[in-house]
Every structure is written in C-alpha cells, then in structure tokens.
2 protein chains.
Amino acid sequence: MPVILDPIDRHILRVLQRDGRISNVDLAKEVGLSPSPCLRRVRLLEEAGIIDRYVAVLDPAKVGAGLTVFARVWFKTQDAEVTLRFAEAVRRFPEVMECYLTTGECDAVLRIVTADLHSYWRFQADHLTRIPSVLSVKTDVPMETLKRSFELPLG
Amino acid sequence: MPVILDPIDRHILRVLQRDGRISNVDLAKEVGLSPSPCLRRVRLLEEAGIIDRYVAVLDPAKVGAGLTVFARVWFKTQDAEVTLRFAEAVRRFPEVMECYLTTGECDAVLRIVTADLHSYWRFQADHLTRIPSVLSVKTDVPMETLKRSFELPLG
DNA sequence: AGTCCTGCGCAATGAGCTTGCGAAGCATCC
DNA sequence: GGATGCTTCGCAAGCTCATTGCGCAGGACT
C-alpha cells in the first residue's frame, strides 16, 4: 500500500505539476522511458492518490476574480460544534478557495477570491460575519502577487 | 483582444477546472457542442491567457509536504529596493508556494509548505529570517484543512 | 544454478485529436 | 427588403496518441 517513489516517479511528478496535459509519449521521452511503462507509472501514482487530480488553472484577473483576500477568523467558542458548523458554512461559498483551522493567534485562515474590494466587503458583511461561529475577522489584502506556484517540492 | 465569455465558455472553464484532463469529445458532450468547435474554444481560451496552464495536483501528505504554514512578514523599511530583493529571495525557495505583498497589518503573506513543523522552523530560521529585508515573522499553523479548492467562481 | 518476481520495450488495435471545408444563422448596408 | 459579409457550427479524413497483451532481461531468494 505505501507506494515508494523512485527518482523516475519524482521526475514524472515534477513534469506533471508543470504541465498536467503533456502527452504520454512526450512525458516518457522527458523521463527516459518508453510510453508503456511511463503510462503504467502514472496510473499507479493516480490510483495511490499521490496524483489527486488534474485541473486547469485560470487567470483570476481575466475571469472577474481579481482580488485575493486572506481573512483570519476568531471563533466565539472553541468546541467541536462550532468548527463543524463553520466548516459546513464555508464549504458552500465558492468565494472561499481555501480554509484552514489553525492554532495560535487565530482560529481559522481563509483565502477568499472576489472581483474587487467592493465585492469582498459585501461578502464579509453579508456572509462571513453572519456565520454564528464567527466572533471577529481580520483581513490581509494583497496588492501584488509575487509568486503563485502549484509545484510541491519533491526532495 | 478582450475575449468575451459566453455561457458555453464559462461552462467549459467550469468543467476544465474540475478535470483538466477530460478528453475533448467528453468535454464537447458536456457543454453541448461537437468536438471541433469545442476544441477551438478551448484553444482560444488558452491563447487569451484565460486558461493559464494545466497542472497535476498532488496529495501534499503523500509526497512529504504535509505541513502548510502561513507566514506574515514585516519589512524593515518600505522602499522598492526592499520588496524587490525580498521577491527575488522568495522566488528561489520551492517551499514558498505563494507570496503576496499586502497593505494593512503586515507587509507580506506567504504560504509555505514543508514536511513537518521541524522542517518549517529550520526553514524559517535558516532562510526566511535571514532575508535582509525581513524584520519579523508571525506564523499561523493550520491543524486541519477544511477546504482546498482550485475552482474560481465564474459568475 | 534454477525459479520467481518485478519492470522494461515492442507491437497492434482502437480511440481521440486536428484541420479543412461547406452550410446555417445573424447583423449590416445598400 | 434582399444581398453581402462575418461568425460559428457540424462533418469527414488523416494522423497521432493511448492502451493492452506479450516476451524478455535483470535481481533476489532458495
């Protein structure tokens, strides 16, 4: 069950993280295999869940989702009930791209995507702060994206 | 130059954000077109930069990158020189998946991925706090991921 | 040395991609 | 009001690529 990753597997993963739609023959050439064992390895990586899925990455600015906001959230209380309800609420909002429960300064970190600052404040007022679990919200608003990578480091 | 998105284009984008490797014939069926005009639309979306790229999404836990940390960074000063050097430094670290320059409470927000908390503190001590621009760092450490979506809302 | 096991390359078949072409819908302009 | 030009569709042909089964080589264990 635990699939070991040899250098060729890591090479495959590195290439697929850069180009998820590369043809199998090109991928095979890149990693120094013939097409069939290369495809077999990819299938194994998929079945093992190491490759979770393939997605198209859109340009946020060009589809009316130009603004990213990081919202740090504090809960009213810290019980399981509260986090569960918060999770359910958050899952329904497509604007919330990521949601993490944290320990330390705040209780949750959200990455929220909207068209502009106007839409964001509307979302926060109308939806985010109305979730019963939420005590308060603090935002960090990026003015510029310096780096946005999708490639996990593979040792 | 400004490419307009009709409902079919948005439908295509929605599907490709969910499955970036769907075959063109299946995609065409899904959106109610024949394969050729469907492929043509996809090509146009790619050339317009609306589709930026296709990537394989890996399971972080299974490739030794199980820990995500949000680091908020404060700079020593606020000039262009400092941000430029910070950007260059950050770009070289594969652990830094995202980096945003922010306004408000802190100066930058980073999403950093490492194997575990140990590796993170080592990274912060050895690399992050040694960037000359950096005055201080505060971290928010997720204990649990409630949501990790790659699908931008498309109206 | 013999056997088992794992992983590679090769070849054939079938599916999907890609391009050119003709037709239909629609707006514009005499 | 009808003709013209533009856009975008569907169809068909050629070609690349994915997929599967099979034989073979190299290493481990007996």
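These numbers were taken from a predicted model, which means no experiment stands behind them. Throughout, protein chains are lettered first and strands after them, A, B, ... in sequence-line order, and every chain is numbered starting at 1.
Residues satisfying the side-chain hydrogen bond (donor to acceptor under 3.5 Å, both in side chains) test with B:R85, not counting sequence neighbours, are B:E81.
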Expected list for residues 88-102 of chain B: side-chain donor-acceptor pairs under 3.5 angstrom, two or more places apart:
residue: B:R91; atom: NH1; partner: A:L146; partner atom: O; Å: 3.0
residue: B:E98; atom: OE1; partner: B:Y100; partner atom: OH; Å: 2.5
residue: B:E98; atom: OE2; partner: B:R111; partner atom: NE; Å: 2.6
residue: B:E98; atom: OE2; partner: B:R111; partner atom: NH2; Å: 3.1
residue: B:T102; atom: OG1; partner: B:C106; partner atom: O; Å: 2.8

Expected list for residues 63-76 of chain A: side-chain donor-acceptor pairs under 3.5 angstrom, two or more places apart:
residue: A:R72; atom: NH2; partner: B:E105; partner atom: OE1; Å: 3.2
residue: A:R72; atom: NH2; partner: B:E105; partner atom: OE2; Å: 3.3
residue: A:W74; atom: NE1; partner: A:E105; partner atom: O; Å: 2.8
residue: A:K76; atom: NZ; partner: A:P132; partner atom: O; Å: 3.1

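Between B:H11 and B:E30, the closest side-chain pair of non-hydrogen atoms falls below 4.5 Å. B:D59 is not listed as a side-chain neighbour of A:I50, based on a closest heavy-atom distance of 4.5 Å or more. Side-chain contact between B:D116 and B:Y120: absent, with no pair of heavy atoms (C-beta onward) separated by less than 4.5 Å.
In this structure, B:S34 OG and B:L39 CG are separated by 10.5 Å, a value rounded to the nearest 0.5 Å.
You can see that DNA chain D meets the heavy atoms of chain B within a 4.0 Å-exclusive cut from D:dC9 to D:dC11, reading 5' to 3'.
The only option from B:L16, B:L152, B:V55 that meets the side-chain contact (heavy atoms from CB on, under 4.5 Å) definition with A:V57 turns out to be B:V55. No option in A:R40, A:E46, A:E47 other than A:E47 meets the side-chain contact (heavy atoms from CB on, under 4.5 Å) test with A:L44.
End-to-end axis angle of the helix from C:dA1-D:dT30 to C:dC30-D:dG1, using five pairs per end and rounding to 10°, comes to 20°.
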Exercise for the section: At under 4.0 Å between heavy atoms, which parts of nucleotides 8-27 of chain C does protein reach? Answer with one letter per nucleotide, 5' to 3': B base, S sugar-phosphate only, - none. Expected result: SBB------SSB--------
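With respect to the salt-bridge test (charged N to carboxylate O, under 4.0 angstrom), the residues A:R41 and A:D6 qualify.
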